[in-house]
Amino acid sequence: MKRLTLGLCGCAVLAGCGGKVDKPVAIAAAPVVVPVTTPPKPVRPLPPLPVTLKVTSMDWHMVATDRDRERLRTWRNAWVTALGKIRTAGRSAELTGQGALFEPDRALSNAAPPAGRYRCRVFKLGANGTAMRDFTAYPPYECRINDEGEVSSLYKVGGSQRPIGLLFPDGGSRQVFLGTMMFGDEKKPIDYGRDDGRDMAGYVERVGEKRWRLVLPWPKFESIVDVVELVPAE
């Protein structure tokens, strides 16, 4: 009678041709495959707000200077004038190439951009003076939005010119930005309202999926409208 013998490493075949008994054959166990996991990318710490911004009122009308209220009140005139100059200069392609970014009446619901890091890019529309072109696009830079409670802060990270200010609620499709400009190695901005040359006023709107813009009508220098595109940084 032929027999099957089980060894430590598996089964041994004992039967063979002519009744000769073969030597046990070890069957190796299947190798254990350890899955290789890619470690998560380290999260770069978010830069802190460089200063503590004081809020005297949640109503931007009570905070804005007379000059800035006028700028915000005449925002449409600024758009019309700037876009007209660009089209007259034969540069309409630059406008259409950015889709909804330069559509004055483009304003979607949920205007408030969430806190986080953003890639911001400045476009200057309509030359204000002979030294500027009617359409100028600058390279993107890093900016940050912080949740400050009832308002949010917006500021540029690094660079020789660093806007910083607060975003005030103004309905579901718009927020109002009031701030100042920091220069060079300044560590602290001057208070809003103390220097008309540095004061900044504009509004934030959502113009697409995860795409916002800060519109600054009638800035002090160079252009008629400044548009800052904001998209979340990856």
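The shown structure was predicted, so the numbers you read here are calculated from the model rather than taken from an experiment.
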Original post:
Would a distance-only check, ignoring hydrogens and angles, find a side-chain to backbone donor-acceptor pair under 3.5 Å from Asp195 to Gly197?
Top reply: yes
Original post:
Do Glu186 and Arg162 pass the side chain to side chain contact (heavy atoms under 4.5 Å, CB included) test, and can you show the C-alpha distance, the side-chain angles, and the key distance before you say yes or no?
Top reply: CA-CA 10 Å; Glu186 292 177 344; Arg162 303 181 302 281; 4.2 Å; yes
**OP:** Determine the minimum heavy-atom distance between Leu167 and Val151, stating which atoms define it.
**Re:** O-CB, 3.4 Å
Original post:
Between Asn146 and Tyr155, is a side chain to side chain contact (heavy atoms under 4.5 Å, CB included) present by the stated rule, with each step listed?
Top reply: CA-CA 9 Å; Asn146 277 353; Tyr155 65 96; 4.0 Å; yes
Original post:
What is the distance from atom CE of Met182 to atom CD of Gln161, rounded to the nearest 0.5 Å?
Top reply: 12.5 Å
Original post:
Tell me, do Thr136 and Phe123 make a side-chain contact under 4.5 Å, heavy atoms counted?
Top reply: no
Original post:
Do you know which two heavy atoms are closest between Arg198 and Phe183, and how far apart they sit?
Top reply: CZ-CD1, 3.6 Å
Original post:
Is Glu229 salt-bridged to Arg211, going by a charged N under 4.0 Å from an acidic O?
Top reply: yes
Original post:
Judged by atom type as modelled, is there a donor-acceptor pair below 3.5 Å linking the side chain of Asp199 to the main-chain atoms of Tyr192?
Top reply: no
**OP:** Evaluate the side-chain proximity of Phe102 to Arg213: yes if any heavy-atom separation is below 4.5 Å, no if none is.
**Re:** no
Original post:
Do the side chains of Tyr138 and Trp212 join up, straight or via other hydrophobic residues, at under 4.5 Å, putting them in one cluster?
Top reply: yes
**OP:** Considering only NZ, NE, NH1 and NH2 on the basic side and carboxylate oxygens on the acidic side, decide whether Asp196 and Lys220 come within less than 4.0 Å.
**Re:** yes
**OP:** Kindly compute the distance separating CZ (Arg71) from CG (Asp66), expressed to the nearest 0.5 Å.
**Re:** 12.0 Å
Original post:
Listed by chain and number, what are the side chain to side chain contact (heavy atoms under 4.5 Å, CB included) partners of Ala201, not counting sequence neighbours?
Top reply: Asp68, Leu72, Leu178
**OP:** Step by step, work out the side chain to side chain contact (heavy atoms under 4.5 Å, CB included) result for Trp218 and Ile224.
**Re:** CA-CA 5 Å; Trp218 312 112; Ile224 297 173; 3.6 Å; yes
**OP:** Give a yes or no on this: more than 12 heavy atoms of other residues, nucleotides or ligands lie within 6.0 Å of atom CZ of Arg194.
**Re:** no
Original post:
Hey, are the side chains of Phe177 and Leu216 touching, using non-hydrogen atoms and a 4.5 Å cut-off?
Top reply: yes
Original post:
Rounded to the nearest 0.5 Å, how far apart are CG of Asp226 and CG of Leu214?
Top reply: 8.5 Å
Subject >> Salt bridge present between Arg73 and Glu70 (N-O < 4.0 angstrom) >> reply: yes
**OP:** Specify whether Tyr203 and Trp75 have parallel, tilted or perpendicular ring planes, treating 30° as the upper limit for parallel and 60° as the lower limit for perpendicular.
**Re:** perpendicular
Subject >> Test item: Asn110 and Arg206 side chains (from C-beta on) under 4.5 Å apart, heavy atoms >> reply: yes
**OP:** Starting at CD1 of Ile164, measure out to NZ of Lys188 and round the result to the nearest 0.5 Å.
**Re:** 11.0 Å
Original post:
Which atom pair, heavy atoms only, marks the closest approach of Ile145 to Pro113?
Top reply: CD1-CG, 3.3 Å
Original post:
Shortest non-hydrogen contact from Pro169 to Met58?
Top reply: CD-O, 4.4 Å
Original post:
For Trp79 and Leu101, which heavy atoms make the closest approach, and how far apart are they?
Top reply: CH2-O, 4.1 Å
Subject >> Least distance between heavy atoms, Pro163 atom then Met181 atom >> reply: N-SD, 3.6 Å
**OP:** Verify side chain to side chain contact (heavy atoms under 4.5 Å, CB included) between Cys120 and Leu230, making sure each step is shown before the conclusion.
**Re:** CA-CA 5 Å; Cys120 295; Leu230 297 95; 3.8 Å; yes
Original post:
Which distance, rounded to the nearest 0.5 Å, do you find between the CG of Leu95 and the CG of Leu83?
Top reply: 6.0 Å
**OP:** Measure the spacing between OH of Tyr141 and CZ of Arg121 and express it to the nearest 0.5 Å.
**Re:** 11.5 Å
Original post:
Taking Ser223 as the fixed residue, which of Met132, Arg133, Lys124 is the one that meets the side chain to side chain contact (heavy atoms under 4.5 Å, CB included) rule?
Top reply: Lys124
